[in-house]
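Here's the structure we're looking at; comments come further down.
A, B, ... follow the sequence lines: proteins, then strands. Residue 1 opens every chain.
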Amino acid sequence: MSELEYALNTFYLLISGAFVMWMAAGFTMLEAGLVRSKNVSEIVTKNLGLYSIACVMYLVCGFFLMYPGDSVYNAYFPMLGSTWGITLDGLTFNSDLGYSDAADFFFQVVFVATAMSIISGSVAERMKLIPFFLFAIVLTGFIYPVQGYWKWGGGWLDAIGYTDFAGSGVVHLCGAAAALAAVIILGPRSGKYSSDGSVRVMRGSNIPIAALGALILWLGWFGFNGGSQLAVNDAANANAVAQVFLNTNASAAGGVIGALLIAKVLTGKADVTMAINGAIAGLVAITAAPDTPSGGLATIIGFIGGIIVYFSVVFLDTVLKIDDPVGAISAHGTVGIWGIMATPLSGAGAFGTQAVGAISIFLWAFITSAGTLLVLNAIVGLRPSEEEETTGLDASEIGVEAYPEFKD
Amino acid sequence: MSELEYALNTFYLLISGAFVMWMAAGFTMLEAGLVRSKNVSEIVTKNLGLYSIACVMYLVCGFFLMYPGDSVYNAYFPMLGSTWGITLDGLTFNSDLGYSDAADFFFQVVFVATAMSIISGSVAERMKLIPFFLFAIVLTGFIYPVQGYWKWGGGWLDAIGYTDFAGSGVVHLCGAAAALAAVIILGPRSGKYSSDGSVRVMRGSNIPIAALGALILWLGWFGFNGGSQLAVNDAANANAVAQVFLNTNASAAGGVIGALLIAKVLTGKADVTMAINGAIAGLVAITAAPDTPSGGLATIIGFIGGIIVYFSVVFLDTVLKIDDPVGAISAHGTVGIWGIMATPLSGAGAFGTQAVGAISIFLWAFITSAGTLLVLNAIVGLRPSEEEETTGLDASEIGVEAYPEFKD
Amino acid sequence: MSELEYALNTFYLLISGAFVMWMAAGFTMLEAGLVRSKNVSEIVTKNLGLYSIACVMYLVCGFFLMYPGDSVYNAYFPMLGSTWGITLDGLTFNSDLGYSDAADFFFQVVFVATAMSIISGSVAERMKLIPFFLFAIVLTGFIYPVQGYWKWGGGWLDAIGYTDFAGSGVVHLCGAAAALAAVIILGPRSGKYSSDGSVRVMRGSNIPIAALGALILWLGWFGFNGGSQLAVNDAANANAVAQVFLNTNASAAGGVIGALLIAKVLTGKADVTMAINGAIAGLVAITAAPDTPSGGLATIIGFIGGIIVYFSVVFLDTVLKIDDPVGAISAHGTVGIWGIMATPLSGAGAFGTQAVGAISIFLWAFITSAGTLLVLNAIVGLRPSEEEETTGLDASEIGVEAYPEFKD
Amino acid sequence: MKLLTIVVKPSRSDGVKRALSTIGTGGATIISAQGFGTQKGHSETYRGASYEVDTKPKTLFKVACKDDDVENIIRAVREVANTGEIGDGKIFVTELNEVVRIRTGETGEDAIKENNYE
Amino acid sequence: MKLLTIVVKPSRSDGVKRALSTIGTGGATIISAQGFGTQKGHSETYRGASYEVDTKPKTLFKVACKDDDVENIIRAVREVANTGEIGDGKIFVTELNEVVRIRTGETGEDAIKENNYE
Amino acid sequence: MKLLTIVVKPSRSDGVKRALSTIGTGGATIISAQGFGTQKGHSETYRGASYEVDTKPKTLFKVACKDDDVENIIRAVREVANTGEIGDGKIFVTELNEVVRIRTGETGEDAIKENNYE
Ligand SMILES: Nc1ncnc2c1ncn2[C@@H]1O[C@H](COP(=O)(O)OP(=O)(O)O)[C@@H](O)[C@H]1O
Ligand SMILES: Nc1ncnc2c1ncn2[C@@H]1O[C@H](COP(=O)(O)OP(=O)(O)O)[C@@H](O)[C@H]1O
Ligand SMILES: Nc1ncnc2c1ncn2[C@@H]1O[C@H](COP(=O)(O)OP(=O)(O)O)[C@@H](O)[C@H]1O
């Protein structure tokens, strides 16, 4: 590999990483748009904070845990180390890797933040800031890196042939499993389910910014999936990256159409919040193998993802009474599983191995998250008082109303 | 051409395409900001849906119609085919083309969506969802590709020497002509023009997100124009792309200044919605030949575009009584024509040929759109009931208020 | 250098420039979110206008003033020239420079706009449009380029070894010094400080778009700092750019954490507007030397920046009674100085030289801005009438309410 | 004097404004409101769950007038605001003891007479 | 007839709506408001500077009813809106001379009787 | 007792709040409103087309008070809200039959007396 190829790969990874960083804005807008106005400043703060915490924790220990090189003592728990001191002096023309180590770190760190962003939406409007940030420290510094190591760090999931190109499992299912644990432990928002079993609808306060959030995620996903080829220095790699872009876009489009169609058919209304979830579902669904399907198959994978997310949202909300304000568990979890299991459709991965991957990632993230949250609940308490929740967390936690001049 | 050059070109096209995809967010925000709040969820849904439909239709038949290779039986109607099955296996080191076919497809597909996005703004607040989406199918799958073929697919407009670097005509005028047909057939929003001829002003509900939309379009346009050079693998191409970036930015700046200045001079107020239209006008104006003018001439072309859009908006709205809520027909149509006719100023294209291009694209898009819409009107009806329109389409079509907590 | 390297560098500069252009949207959203709703259309107009003016002025004279080549007659005031006529014909394979001249211009022009954007926030809600735009002409056409020349054009600051990788001083401190002059001359917003010395709080009207603004800036900064390496054509450059991305992100994260932590500790509330300022502070702090520190040191530099911005905002607002609605003087000025003085921490620049740079840039920008503004005040008047200010500048200057349907 | 509280559909609010101007009540104060009555709410679906909207938007006018004008105003309002559909609204008439014009201190009917200042 | 003006905490507004429906007042008109009284505001911090919020959000109901219903309504409202905490609100009772149903022109108690049209 | 309805310019609303607190009315309920009267609207331009804004923003206060306080309040409000310019607003005085404090059930003047609970 020439230095120029190395340079191009590095530049490509950095741009891809910048696109993924941009997904932080996507989650922030999506969640800010789908919660009630009295909790908007709070969810914005959580998103800014969790991204920042993810960056620090991954620098302190996460990256090294996930990519420990030879120093791993077994395939399940990697050894702890640090990238805190990473400097330009230590960077050389690493032609084995094919790109700069620093670019690699940057590209990886934004993925951690994505996993954590999934959670903030699900626990919206009813989890205190401090325990949320403490949980972010544990998830981004430990829970995520360990299972990330299983696959991308060369651990046992990689060894058995589990396929996960850009992380339907490693990122999205992991985040959603943690979110599910959190939502179960927290319980629903106060007033959401009456004693007579009826559901109270709590509407999102700002639809255009929620849609903006989805479109930001759509754009960012080109970095997320497109960058995961990790090289663009020859024709084969360039073609693969191009196919990934094409398929990522096609699947998202399929997801929008699937979700809109099913909503229109079943309720008579083309619920825009479902179109938004559909776009994300399409993106999550293709993420496990965006390089292998044809454009048409990618569209269909996304379309099915859009239909799945619709039913999953309704089922969780009205039947299981699992209160997920933004539908993140459905879009990233239920559809994440669909994405993992759909890779054999285009000849990538085997059904059984994929199932092992999905189950192990789910269980790991669910159990460790639940444990962490139960401990945090015992020590600092996860939920605000009912009075604080009714008034809105903006008042009690942030002290800044999101829209002080717009009456509600 | 080396593989590395091929790879760089491919990467460049993909990034450019991602920037153009981002324009979907620009149109969504622009239109959501310029309509009344009771129709915001609906216009957001239309934008998400039309983009998705464009992606599917172009994959199913649009791309092949537009770029049929040798199989065209004449210069006017290309042969139908399909790119639905496009996969990585079929992609090789295509050094004739100079970049990956899949990247080419991706870059082209986002252009179709742009053309359709222009229309959603013009028909805002008074066109039902289903006929809108049906029309989107026809426009993106047939109307757009045929005239796209005329120029970019090697058809007759290309043969006679019509110049249209990135699509002032093929994309913007095409979309605007279809929008004009739609607006004429639909008629104005209910209550917009009284019987005594007076105009009722219907103000945009959210100016900052409209401005955000314009700035997103500005950014996306670097991909739109910058990517249309199609290669960046040597000094000549790199210089051309750089000049395109410089001129695109200069022309948009000129457009803002032109529109603001004329508004301030004529009304005493620096109408921000005109500044927004001015930016878009500047971008549209330079699109036909962003590579040939000097930075100064580009600024002037944009400046004149900004002045034209001001008068066009006022003339359509108050004299012709053509009700275009976001000014899209003026910004993309009237100014699109200006852009096409201005190419000879920098020595690109001849006046007569440019006129032939503008007229033929306009007529084709206008007539086929009008025909399609009349048929759709007869079958499913284009307009909601007056009651539905007065209440707002969010209630009747989407079931989701955009801002449920902000009083109006 | 091969043509391909030249092409890659050019493409890299153009993409970096596009990211920096995007910062215009960041400032627009940030400022629109942090002012009261009656002045939102006005600040949006100012941002669109100032960016456009910056582009024109830099084309007319700014670029040539800043990069005069050999024609400079001394190290303090460069000679006037023009890049207005820059065309493709004049661009060749400039292998000395290593990238296209046009790309260079584009990358530089977006920096000027950034400097001016800093000012619009500080003078928000109380400065008339016309004098603001006239001031923008002077700042972007003269004040900025002269001091830019001192460092980046090869002037005396460069000669003495002042270090400023991407412009903590040249861009941010320069803008903030001009902002400080403007704020002092204008005085506080009417009603902000009572005669009894108490402070009236004027709350931002839209927190999520302010946060969006900060996240846009964060993304744009990868272009701002990442592009300032100016080359990515070999391993050394690629590694440097990668380290810059890593550190820029780390410092911003540190800034958020610093500001949130100090706000929470001191007031019990995690003020989201401080988190927003913290992110920007982290970005500004690292900008003087984003290539030399380790990731950990970058985090700490940002963290300290976040703490500094908190105290600076409170000190200016409540003690000095300098009314800066968005905290720009603190985030870009106070923290800009911190960034300049912190470069020796990673071995870049010497303390004394850095101080000379900070002081000379500050004095130049402050004095010339103050002079210009005093002249403008005498001729056209800087402030609207108290009646106009109380009603809001949207009514008197723009004629368009930002949110006409949301009660206040 | 009487103080009328007029509740109408928002779509009729412009008409009521014009009607009042024509009659020359001298003015009115207008407030956004929600109402229910014979007209009940309706049910909506959001993310697959249905919910009740139990009120409808209304516009409320406060109008102070001379006793003699009451009849006229009621007639005029009914003319523009009566769509024949349920939910058209109500007019409430209460006794008004006194009015003061803040600017001048005028009281009684003088305070609500349109005056020709400026 | 009487015109009641009922001021309650927003969190109690749904309860009041339900209570009024149960009693069968025939309807109500509802307005968002801010209030102060025994309950004072509180101080907040924004960007390090503290400020007073001197009012609290309230919901105001206008209810026209027969004289006989007043007692019932007061009792029912107190039941749902009384949290025992300061700031629960007030009920103001004023004389209502006349009501007109805009749709039909009915006046007096007929105008506020729930009718079975539709 | 009397129920005052006070309409003022929004910029005077803080002053009125302070004035009422000083007098010690015990409280007030405040509503955003639009008004027209002698003061007419004005015309604006939007995207090159002109339109009429026919109302101006106002703030409305509802204040219940003892008969004796009426005069005081009127004087105090006029002091802060009178700018001498047209559009300063009005004060409407109506009879108040009864008040109930929801929290305690107190009625009459007791219900609006500031009390020292808490
Ligand atoms: N008893 C009432 N007290 C106060 N307002 C009422 C009352 N009844 C109805 N209203 C108001 O009048 C509006 C229309 O009344 P409704 O009974 O629904 O229709 P209609 O008057 O046409 O029979 C309601 O939405 C409400 O705002
Ligand atoms: N004199 C008054 N006139 C009008 N409204 C009042 C008056 N006093 C109180 N209110 C309204 O009642 C609300 C509650 O009153 P407050 O005195 O704070 O509590 P409580 O009634 O529990 O003693 C206030 O927020 C205000 O809206
Ligand atoms: N007849 C009326 N009934 C109810 N409100 C009125 C009436 N006349 C005026 N108002 C209210 O008082 C405000 C000021 O009145 P206006 O006549 O414009 O000025 P001024 O009282 O200074 O002569 C109006 O905007 C409106 O809200």
Side-chain angles (χ1 to χ4, degrees), chain C residues 33-36 121 188-189 191-194 197-205 207 210 259-260 262-278 306-331 406-408, chain E residues 3-18 20-21 27-64 77 80-81 83 85-92 94 102:
Chain C
L34 290 181
V35 301
R36 289 168 295 172
R189 287 168 288 176
K192 171 77 190 179
Y193 301 110
S194 332
S198 71
V199 179
R200 195 158 130 229
V201 163
M202 297 172 167
R203 291 177 293 166
S205 53
I207 295 301
L260 264 187
I262 196 82
K264 177 79 186 172
V265 167
L266 294 186
T267 70
K269 301 282 169 86
D271 187 330
V272 65
T273 68
M274 285 296 185
I276 287 169
N277 281 146
I307 289 174
I308 290 175
V309 83
Y310 181 87
F311 286 109
S312 179
V313 162
V314 175
F315 189 71
L316 262 67
D317 192 42
T318 63
V319 180
L320 298 185
K321 312 250 188 258
I322 286 178
D323 182 20
D324 177 3
V326 306
I329 296 168
S330 299
F406 308 158
K407 268 266 193 48
D408 86 84
Chain E
L3 185 60
L4 311 186
T5 301
I6 305 171
V7 179
V8 298
K9 291 191 174 154
S11 61
R12 300 293 147 163
S13 135
D14 276 348
V16 172
K17 254 185 269 173
R18 264 193 304 272
L20 293 174
S21 297
T29 302
I30 305 162
I31 297 169
S32 302
Q34 295 282 324
F36 68 93
T38 316
Q39 183 187 36
K40 295 288 174 261
H42 60 286
S43 92
E44 291 277 3
T45 312
Y46 177 78
R47 296 175 74 66
S50 72
Y51 64 101
E52 288 299 306
V53 179
D54 49 12
T55 59
K56 295 273 184 182
K58 303 286 166 190
T59 305
L60 183 153
F61 289 76
K62 289 255 166 203
V63 185
V77 167
V80 294
T83 66
E85 273 164 53
I86 206 169
D88 280 346
K90 318 266 189 207
I91 303 172
F92 305 104
T94 54
I102 289 175

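For the options C:L266, C:V313, C:T318, C:V199, heavy-atom pairs under 4.5 Å to chain E are most numerous at C:V313. If you tally non-hydrogen atom pairs under 4.5 Å between each of C:V272, C:T267, C:N277 and chain E, the highest count goes to C:N277.
Taking each heavy atom of E:G48 and C:V314 in turn, the nearest pair found is CA-CG2, 3.8 Å.
Within the 3.5 Å criterion, the main-chain N or O of C:G204 finds a donor-acceptor partner in the side chain of E:Y46.
Interface residue C:Y310: only side-chain heavy atoms are found under 4.5 Å from chain E.
The side-chain contact (heavy atoms from CB on, under 4.5 Å) test with E:R47 is passed by exactly one of C:T273, C:D317, C:V326: C:T273.
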